[in-house]
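Inspection log for the structure reproduced underneath, given as structure tokens.
In the text below, chain A, chain B and the rest are named by the order of the sequence lines, each starting its count at 1.
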Protein chains: 2
Amino acid sequence: MSLPHILLGLLEEPASGYDIKCEFEQSLSFFWSAALAQIYPALKKLEKDGLVTSWQEPSEKGPARTVYQQTEKGREAFRDWLEEGPQLNTERRAYLAQAYFLAQSRAPDEPRSFYEQLRDDFRARANRLTALEDVWRDDHGPAFPDNLTGQALYEHMTFDLGQRVFRLYVDWAEDCLARIDGAEKD
Amino acid sequence: MSLPHILLGLLEEPASGYDIKCEFEQSLSFFWSAALAQIYPALKKLEKDGLVTSWQEPSEKGPARTVYQQTEKGREAFRDWLEEGPQLNTERRAYLAQAYFLAQSRAPDEPRSFYEQLRDDFRARANRLTALEDVWRDDHGPAFPDNLTGQALYEHMTFDLGQRVFRLYVDWAEDCLARIDGAEKD
DNA sequence: TCGACCATGTAAGATGTTACATGATTGC
DNA sequence: GCAATCATGTAACATCTTACATGGTCGA
């Protein structure tokens, strides 16, 4: 029940399905992922329900863009969702389920290579978020991030969490690798 | 595509649908949640595919228990899943999407109460995991957690991550509350 | 006797994934 | 000419959620 709400939130500003896909990949993937094949039908349904409107715009390359934006009704529906309070218990991280069961693997080397992959991926994501933050810093001057307000403040707080979490994951993966090596010695 | 695999992993030991629901609530909810209405059909499908077998057992209270366990074929399918490497990009945390868009809320007090709820919930979960760990410690003696091997080692590493993450979330939520208060003063 | 817990499920509808299908533009 | 990127979708299938349905045991 959340993707339509997330789309609605993004459509405070006009955007096409393709634009939204890029936003997911670039910045939202830390807490949500969605593919084009899910985004297009969801936008159509929002439009059918009167929560967004759309129009065509020419594109520089490729076919015409269908651009969507919140309607007043959509804005209210979105705010209702925010005011429901935090939607907890939506955790879904398959890699942690795998980590939990790693003792059942056949290949004796699997746990090590698994955690190495985790560590490398998390490190790359932490760096990607840090790079995104550097771009922001350039736009906002030396008082960044203390001078942020409104939308930018809340976006930054979420990004900040992403960086903290990914760094924690990297440290954890390294500690796990050390423990695996330690347990093998016994 | 992950719930069937998680069920298979749990069914290294015999368990009923109800037992599995309890395991999700107790210890797996940190990284995955599943309801009974999802578990029962999933178990039936695994049985139809020959990945688990089932038998009836009398229950002390209530109706007979249908107990399931991995077959050899199920065990192999599970190991294949482990060896696919970490399934990344399965993140789905609705509350972070809400946090990202909090500037769009109507009620000026919404961000504060939202982050307070997050902080309190995370603190409760961190404490719950710590309590679970204390039970383990009693079972494993003073060398815990360094004396863990096999399944228990990997379970503990995942629990350890849960505790670290929840503590980080609590600190983050408190920092966010301070930032919200700071931004309101301006 | 009432609520909490044990224990099973089904049905309908919403949501998400995978594979397929199309076609223009830009840079190498 | 080929791959990447821009840009749109549909169809079939798998998965998940919400609501409904049933009934026994235990303790307050």
Side-chain angles (χ1 to χ4, degrees), chain A residues 1-8 14-26 28-29 31-49 51-52 54-68 77 81 84 87-94 97, chain B residues 1-8 14-26 28-29 32-49 51 54-68 77 81 84 87-94 97:
Chain A
M1 281 247 83
S2 296
L3 178 68
H5 291 113
I6 295 172
L7 295 179
L8 230 35
S16 71
Y18 193 83
D19 292 340
I20 287 170
K21 183 215 78 169
C22 295
E23 280 207 70
F24 273 109
E25 281 173 3
Q26 254 188 62
L28 310 183
S29 66
F31 54 81
W32 204 274
S33 59
L36 273 175
Q38 209 191 334
I39 293 168
Y40 286 122
L43 287 171
K44 294 215 158 168
K45 179 155 192 298
L46 286 173
E47 187 168 34
K48 207 192 77 191
D49 296 343
L51 303 174
V52 302
S54 73
W55 62 91
Q56 300 290 124
E57 270 181 17
S59 165
E60 286 170 28
K61 350 171 171 179
R65 293 156 49 77
T66 308
V67 179
Y68 294 86
W81 182 64
E84 278 169 23
Q87 309 267 290
L88 299 157
N89 295 313
T90 51
E91 305 282 350
R92 190 151 296 182
R93 275 173 287 176
Chain B
M1 286 248 76
S2 296
L3 178 68
H5 290 114
I6 295 172
L7 296 179
L8 229 35
S16 71
Y18 193 83
D19 293 339
I20 288 170
K21 182 214 80 169
C22 294
E23 279 208 70
F24 273 110
E25 281 173 2
Q26 254 187 64
L28 310 183
S29 66
W32 203 275
S33 59
L36 273 175
Q38 209 192 334
I39 294 168
Y40 286 123
L43 287 171
K44 294 213 160 171
K45 180 156 191 295
L46 286 173
E47 188 168 33
K48 207 191 78 192
D49 295 344
L51 303 175
S54 74
W55 62 91
Q56 300 290 122
E57 270 181 18
S59 164
E60 285 169 29
K61 346 173 172 181
R65 294 156 49 77
T66 308
V67 179
Y68 294 85
W81 182 64
E84 278 170 23
Q87 308 268 289
L88 299 156
N89 295 312
T90 50
E91 306 282 350
R92 189 152 297 179
R93 275 174 287 177

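- A:Y40 is linked by a ring-ring contact (aromatic ring centres under 6.0 Å, His included) to nothing, counting only residues two or more places apart in sequence or in another chain.
- When the P atom of D:dC6 is taken as reference, atom CD of A:E23 falls 14 Å away, rounded to whole Å.
- The NZ-C1' distance, from B:K48 to D:dT15, rounds to 14 Å in whole Å.
- End-to-end axis angle of the helix from C:dT1-D:dA28 to C:dC28-D:dG1, from C1' rotation axes over five pairs per end: 40° (rounded to 10 degrees).
- If you measure from atom CG of A:D49 to atom P of C:dA14, you get 10 Å, rounded to the nearest angstrom.
- With rounding to the nearest 0.5 Å, the separation of CG in A:D19 from OH in A:Y68 is 12.0 Å.
- A straight line from CD of A:Q87 to P of C:dT15 spans 13 Å, rounded to a whole angstrom.
- Shortest non-hydrogen contact noted between A:R65 and A:S16 is NH1-OG, 3.5 Å.
- Counting to the nearest Å, the P atom of C:dT17 and the CG atom of A:L3 are 9 Å from each other.
- Taking the side chain as every heavy atom from C-beta outward, A:F31 and A:T90 never approach each other to under 4.5 Å.
- In this model, the phosphate group of D:dT15 is not approached by any side-chain N or O of B:Q38 to a distance below 4.0 Å at OP1 or OP2.
- Between the C1' atom of D:dT15 and the CZ atom of B:R92 lies a distance of 11 Å, rounded to the nearest Å.
- Relative to the six-membered ring of B:Y18, B:K21 meets both conditions, a distance below 6.0 Å and an angle of at most 45° to the axis.
- Side-chain contact between A:I6 and A:W32 is present, with at least one heavy-atom pair separated by less than 4.5 Å.
- Separating the CD1 atom of A:I39 from the P atom of D:dT10 is a distance of 14 Å, rounded to the nearest angstrom.
- Of all the heavy atoms in A:L51 and A:A77, the pair that sits closest is CD2-CB, 4.2 Å.
- Using a 4.5 Å heavy-atom threshold, the side chains of B:I20 and B:L43 count as touching.
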Once base and sugar-phosphate atoms are separated, protein heavy atoms under 4.0 Å mark nucleotides 1-13 of chain C, 5' to 3', with B, S and - as ----SBBBBB---

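- Applying side chain to side chain donor-acceptor pair (under 3.5 Å) to A:T66 and the options A:Q56, A:E57, A:K44 leaves one that passes, A:Q56.
- D:dA14 atom C1' lies 8 Å from atom NZ of B:K45, rounded to whole Å.
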